[in-house]
Asker: 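The following block contains the structure, expressed as structure tokens.
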Amino acid sequence: MPTYRKDSKLRYVDMAIYIDREIRNPDCDEEKCFEYMYQLFYILSVKGRMFQTASDYDSYALYGATQLFLRYRKEREPDNKLKPIKSCLNYIKKILYPLKVNYQRSNFFQVFQESALEGNAPVVIADAKVTEARRLTDDLLKAEYKYYLTQLPSTVKHVLKESPYSNNPVMMHNLYISCLLTLLKTLTMSNKNRTRLENKEAKCLPTTDLMDRIYAEEGGDNVVIYHLEKSMKNYVKLLVNRCKSEIAHDLRYIVGSYELSDSIIKEILMQPLEDYTSEQ
């Protein structure tokens with residue numbers, strides 16, 4: 001049986017709207033928000049036919065709701081750089097399958113008992129377990145990256161707040177469009193360069209140096225001026241560089257937020273592998 005029963009009169013879109021509206025309020029009904037998160041994960045996983053048993057749908061919905069609830073909590077932390085979630089429904093859709101992978105690799109939740117293993121097996125299995133734990137975060141990190149990149153316009157606006165033209169709405173709009181277009185142009189690889197990269201990959205050759213050269217080329221003198229005087233070109237370039245610096249800082253923070261601390265690794269090693277030994 002599901003942990004939470006859905007009110008037949010309540011639409012799923014209404015639950016999502018309620019979460020978006022209330023989750024950051026000081027007087028938020030956190031229990032109701034959590035229940036609604038559960039319902040959204042449950043129905044989306046059912047629609048996607050992600051599991052074969054009712055118990056898995058229930059457990060996964062609880063797991064997903066917990067992860068999302070903690071993600072909202074992270075936004076409140078001091079010096080937090082994670083972009084606020086604007087639409088919980090869209091965000092859930094983005095992380096639905098990465099979280100499924102994490103959920104299914106249930107050795108995260110097994111108990112690690114060295115007595116069940118012999119010889120050097122505990123050390124080997126422990127190393128493999130930590131490696132697997134680090135790998136588990138990859139899909140979720142990629143989803144976080146993709147979500148962050150959809151929020152680039154808000155990063156540009158944040159940088160523009162420091163502009164001396166902040167009291168000039170028309171100028172600010174033109175600067176915003178100029179910066180956004182320049183960013184898109186410098187971050188989007190041309191078809192020619194994409195082909196160069198694909199050809200090298202097809203030959204199984206290293207691509208790191210080529211990628212560095214390509215992005216250096218793409219990020220050259222490609223400033224886009226939107227309804228501005230040509231004399232503003234250097235200023236737009238300065239703003240874009242500030243945007244890039246902000247983006248790099250934020251992405252480093254996101255990567256760091258998914259790194260496993262020593263305490264978490266210790267917990268993983270303390271939780272063992274009854275399943276592991278039975279699967280061999």
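Everything numeric here is computed off the predicted structure, so don't read it as measured data. If you read the sequence from its start, that first residue is 1, and numbering goes on from there. Hydrogens, waters and symmetry mates are skipped; everything else that's a heavy atom, side chains included, is used.
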Asker: Hey, would you say the Y103 and F51 ring centroids sit under 6.0 Å apart?
Answerer: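 Yes.
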Asker: Check this for me, if you would: do E30 and R73 make a salt bridge, where the nitrogen-to-carboxylate-oxygen distance has to be below 4.0 angstrom?
Answerer: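 Looking at E30 and R73, the cut-off is met.
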Asker: Would you say Q52 has more than 12 foreign heavy atoms packed within less than 6.0 Å of its CD?
Answerer: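 No, not enclosed.
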Asker: With no hydrogens and no angle check, do the side chains of N90 and Y147 hold a donor and an acceptor under 3.5 Å apart?
Answerer: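 Distance-only check fails for N90 and Y147.
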Asker: Are the side chain of S178 and the backbone of V236 linked by a donor-acceptor contact shorter than 3.5 Å?
Answerer: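 Not at all, since once roles are kept as given, no pair shorter than 3.5 Å links the two residues.
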Asker: Under a 3.5 Å distance rule, please check whether N199 uses its side chain to pair with a backbone N or O of T195 as donor and acceptor.
Answerer: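 Answer holds: yes.
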Asker: Holding to side-chain hydrogen bond (donor to acceptor under 3.5 Å, both in side chains), I want the full list of residues that pass it with T207, two or more places apart in sequence or in another chain.
Answerer: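 Expected list: none.
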Asker: Who passes side-chain hydrogen bond (donor to acceptor under 3.5 Å, both in side chains) against N25, sequence neighbours left out?
Answerer: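 Expected list: E22.
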Asker: My understanding is that a hydrophobic cluster links ILVMFWY residues whose side chain heavy atoms are under 4.5 Å apart, including indirect links. Using that, what else belongs to the cluster containing I17?
Answerer: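 For the cluster that includes I17, the remaining residues are V13.
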Asker: Does any part of the side chain of N168, heavy atoms only, come nearer than 4.5 Å to the side chain of V170, both counted from C-beta?
Answerer: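 Yes - at least one pair of side-chain heavy atoms lies under 4.5 Å apart.
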Asker: For Y4, run the ring-ring contact (aromatic ring centres under 6.0 Å, His included) check against Y57, Y38, F41 and tell me which one passes.
Answerer: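 Among Y57, Y38, F41, the one meeting ring-ring contact (aromatic ring centres under 6.0 Å, His included) with Y4 is Y38.
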Asker: Indicate whether any N or O donor in one side chain lies under 3.5 Å from an N or O acceptor in the other, for D58 and Y42.
Answerer: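 No - no donor-acceptor pair under 3.5 Å links their side chains.
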Asker: Pairing donors with acceptors under 3.5 angstrom, does anything connect the side chains of T155 and K83?
Answerer: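 Yes.
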Asker: Is NZ or CZ of K157 both nearer than 6.0 Å to the six-membered ring centre of Y176 and within 45° of the ring axis?
Answerer: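 Yes; both conditions hold, so K157 lies above the ring face of Y176.
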Asker: Tell me if a side-chain donor or acceptor on D250 pairs with a main-chain N or O of L82 at a distance below 3.5 Å.
Answerer: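 Not confirmed, D250 side chain does not pair with L82 backbone.
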Asker: Do R71 and E75 sit within salt-bridge range, that is, some charged N less than 4.0 Å from a carboxylate O?
Answerer: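 Salt bridge present between R71 and E75.
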